[in-house]
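Here's a structure for you.
When reading the values below, keep in mind they use all heavy atoms of this one structure, side chains included, and skip hydrogens, waters and symmetry mates. Because the structure is a prediction, the values reported are computed rather than measured. For the single chain, residues carry numbers from 1 onward in sequence order.
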Amino acid sequence: MFKKVLIAEDHESSSISVQKTLEDLNITNADYVDYCDDAFAKIQKSIRENNLYDLLITDLYFEEDHHHQRIKNGIDLIQKIRELQPFLKVIVFSAEHKSGIIESLFTQYEINGYVRKARHDSKELKKSIASVFINENYLSFDLKQEVKKLNSYEFSAYDITLVSLLAKGVLQKNIPEHLKSKGITPSGLSSVEKRLNGLKEALRVNSNEQLIAFCKDLGII
């Protein structure tokens, strides 16, 4: 099992929950920090002293207070730590539920496990730690289904651009001029209308407003 673990969590109740989970797994060497900057400093020190951490468990979102922080969230923390210790195992423990964001954590930031803060999260965290220890990525079954659903829609960069423009308040009839200014093709109004209608049909929504809301819920815009 992991020998040395770093936990970045600013909510005391969640930190206590993680601590109890580690104790149940007989992991006794664990450091807890409230801020991302402190977590990064711990990693730097462990590298200098050649006493590396085996695992980082971090939240995604940290509340701002009177302590000014250079690293403001878990994603930035993961990115910076990857530059120092590329093969450190990382589990995200967060209330975030948007499948688009969760998917990007695995594909873009190469995390090893994701556990959503919810009922039975201690049990899920134990499963995640055990799976990651044997080099298996971990995502609970219900979240896997949500990510699978997201992937089944196969949003292209073009699709995301169209919906993002709508979400910014750009009228559908004005989207072509925005596409042309960025050199994005196809930029014709008929192509834009055809693609948006195809998305609405695939996602079973009836309006651009519902399409925007659906994509926001998935976390892709």
- request: First locate atom OG of S131, then atom CG of N112, and finally report the distance between them rounded to the nearest 0.5 Å.
  value: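 That separation rounds to 11.0 Å.
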query: Regarding K45 and N51, is there a side-chain donor-to-acceptor distance under 3.5 Å anywhere?
result: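 There is no such pair (donor and acceptor under 3.5 Å, judged by atom type) between the side chains of K45 and N51.
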query: Residues two or more places apart in sequence or in another chain: which of them pass side-chain contact (heavy atoms from CB on, under 4.5 Å) with I134?
result: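 Counting only residues at least two positions away or on another chain, I134 forms a side-chain contact (heavy atoms from CB on, under 4.5 Å) with E136.
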message: Looking at every non-hydrogen atom in both residues, tell me the closest pair between I102 and Y114 and how far apart they are.
response: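 Looking at all heavy atoms of both residues, the closest pair is CD1-CE2, 3.7 Å.
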query: So, the side chain of S128 versus the backbone of L125: is there a donor-acceptor pair under 3.5 Å, distance only?
result: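 Not at all, since once roles are kept as given, no pair shorter than 3.5 Å links the two residues.
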field: Listed partners of K216 passing salt bridge (Lys or Arg N to Asp or Glu O under 4.0 Å), at least two apart
entry: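 Listed in chain order: nothing, the list is empty.
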field: Euclidean distance, L166 CG relative to L199 CG, rounded to 0.5 Å
entry: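 Answer for the CG-CG pair, L199 versus L166, is 10.0 Å.
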task: Check the pair V33, D31 against side chain to side chain contact (heavy atoms under 4.5 Å, CB included), reporting the backbone distance first and the verdict last.
output: CA-CA 7 Å; V33 294; D31 291 325; 5.6 Å; no
Between CG on residue L196 and CG on residue N208, distance to nearest 0.5 Å: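 Result: 5.5 Å between the selected atoms.
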message: Checking K72 now: which residues fulfil side-chain contact (heavy atoms from CB on, under 4.5 Å) with it, not counting sequence neighbours?
response: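 side-chain contact (heavy atoms from CB on, under 4.5 Å) check on K72 returns E64, H68.
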- request: Using atom types as modelled and distance alone, determine if a side-chain donor or acceptor of D37 lies under 3.5 Å from a backbone N or O of I71.
  value: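 Side chain of D37 to backbone of I71, a donor-acceptor pair under 3.5 Å: yes, one is there.
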query: Looking only at heavy atoms, which two atoms of R116 and E96 are closest? And how far apart?
result: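 In this case the closest contact between R116 and E96 is CD-O, 3.4 Å.
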Side chains of F93 and D121 in contact at under 4.5 Å (non-hydrogen atoms):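 Yes, at least one pair of side-chain atoms sits under 4.5 Å.
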- prompt: To the nearest 0.5 Å, how far apart are CG in L162 and CD in E193?
  reply: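 Reported value, rounded in 0.5 Å steps: 11.5 Å.
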task: Go through the steps to decide whether L60 and L105 satisfy the test side chain to side chain contact (heavy atoms under 4.5 Å, CB included), and finish with yes or no.
output: CA-CA 10 Å; L60 284 182; L105 289 170; 4.0 Å; yes
query: Within the side chain of S191, is there an N or O that forms a donor-acceptor pair under 3.5 Å with the backbone of S187?
result: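 No.
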From L88 atom CG to I111 atom CD1, the distance as rounded to the nearest 0.5 Å: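 Here the interatomic distance stands at 12.5 Å.
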- request: Before giving the answer on side chain to side chain contact (heavy atoms under 4.5 Å, CB included), spell out for N197 and K194 the whole-Å C-alpha distance, their side-chain angles and the decisive distance to 0.1 Å.
  value: CA-CA 5 Å; N197 288 335; K194 182 177 180 180; 5.9 Å; no
- prompt: Can you hop from L189 to Y158 via hydrophobic side chains spaced under 4.5 Å?
  reply: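 Looking at the clustering, Y158 is in a separate group from L189.
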- prompt: In terms of hydrophobic clusters joined by side-chain contacts under 4.5 Å, are I27 and V132 together?
  reply: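 Both belong to a single hydrophobic cluster.
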message: Between the side chains of K89 and D54, is the shortest nitrogen-to-carboxylate-oxygen separation below 4.0 Å, so that they form an ion pair?
response: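 No, this pair does not count.
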message: Contact between K80 and C36 at the side-chain level, heavy atoms closer than 4.5 Å - yes or no?
response: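 K80 vs C36: side chains apart.
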- prompt: Applying the 4.5 Å side-chain criterion to the ILVMFWY set and letting contacts propagate, would V92 and F62 be lumped into a single cluster?
  reply: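 In one cluster: no.
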task: Determine, using the 4.5 Å side-chain heavy-atom cutoff (strictly less than), whether V163 and L165 are members of one ILVMFWY cluster.
output: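 Result: yes, single cluster for both.
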query: Considering residues at least two apart in sequence or located in another chain, which fulfil the salt bridge (Lys or Arg N to Asp or Glu O under 4.0 Å) criterion with K42?
result: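 Salt bridge (Lys or Arg N to Asp or Glu O under 4.0 Å) check on K42 returns nothing, list empty.
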field: Side-chain heavy-atom pair L139, F106 within 4.5 angstrom cut-off
entry: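 Side-chain contact under 4.5 Å: yes.
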message: Membership question, hydrophobic clusters at under 4.5 Å side-chain separation (ILVMFWY): are Y35 and Y32 in the same one?
response: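 Cluster IDs for Y32 and Y35 differ.
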- prompt: So, for F2 and I129, which heavy atoms are closest and what is the spacing to 0.1 Å?
  reply: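 Looking at all heavy atoms of both residues, the closest pair is CE1-O, 3.5 Å.
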task: First locate atom CD of E63, then atom CG of D34, and finally report the distance between them rounded to the nearest 0.5 Å.
output: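 Answer for the CD-CG pair, E63 versus D34, is 11.0 Å.
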task: Could you walk me through whether K4 and L52 pass side chain to side chain contact (heavy atoms under 4.5 Å, CB included), step by step?
output: CA-CA 7 Å; K4 188 178 181 184; L52 302 179; over 6 Å; no
- request: Could you list the residues that satisfy salt bridge (Lys or Arg N to Asp or Glu O under 4.0 Å) with D10, not counting sequence neighbours?
  value: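 For D10, no residue satisfies salt bridge (Lys or Arg N to Asp or Glu O under 4.0 Å) once neighbours in sequence are set aside.
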query: In chain order, what residues pass the side-chain contact (heavy atoms from CB on, under 4.5 Å) check against E177, with sequence neighbours excluded?
result: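 For E177 the side-chain contact (heavy atoms from CB on, under 4.5 Å) partners, ignoring immediate neighbours, are N174.
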- prompt: Just wondering, do T161 and H178 contact through their side chains at under 4.5 Å, heavy atoms?
  reply: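 A side-chain contact under 4.5 Å is absent here.
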task: Answer whether the closest heavy-atom distance between the side chains of N26 and M1 falls below 4.5 Å.
output: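 Result no, sub-4.5 Å side-chain heavy-atom pair not found.
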message: In the structure I gave you, are the side-chain heavy atoms of F40 and I81 within less than 4.5 Å of one another anywhere?
response: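 Result yes, sub-4.5 Å side-chain heavy-atom pair found.
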query: With a 4.5 Å limit on heavy-atom distance, are the side chains of R82 and V90 in contact?
result: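 With C-beta onward as the side chain, the pair touches.
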field: L179 side chain near P176 side chain, heavy-atom distance below 4.5 Å
entry: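 The answer is no; the side chains never approach within 4.5 Å.
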query: Side-chain donor-acceptor pair under 3.5 Å between D24 and T21, yes or no?
result: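 On atom types as modelled, these side chains do not qualify, holding no pair under 3.5 Å.
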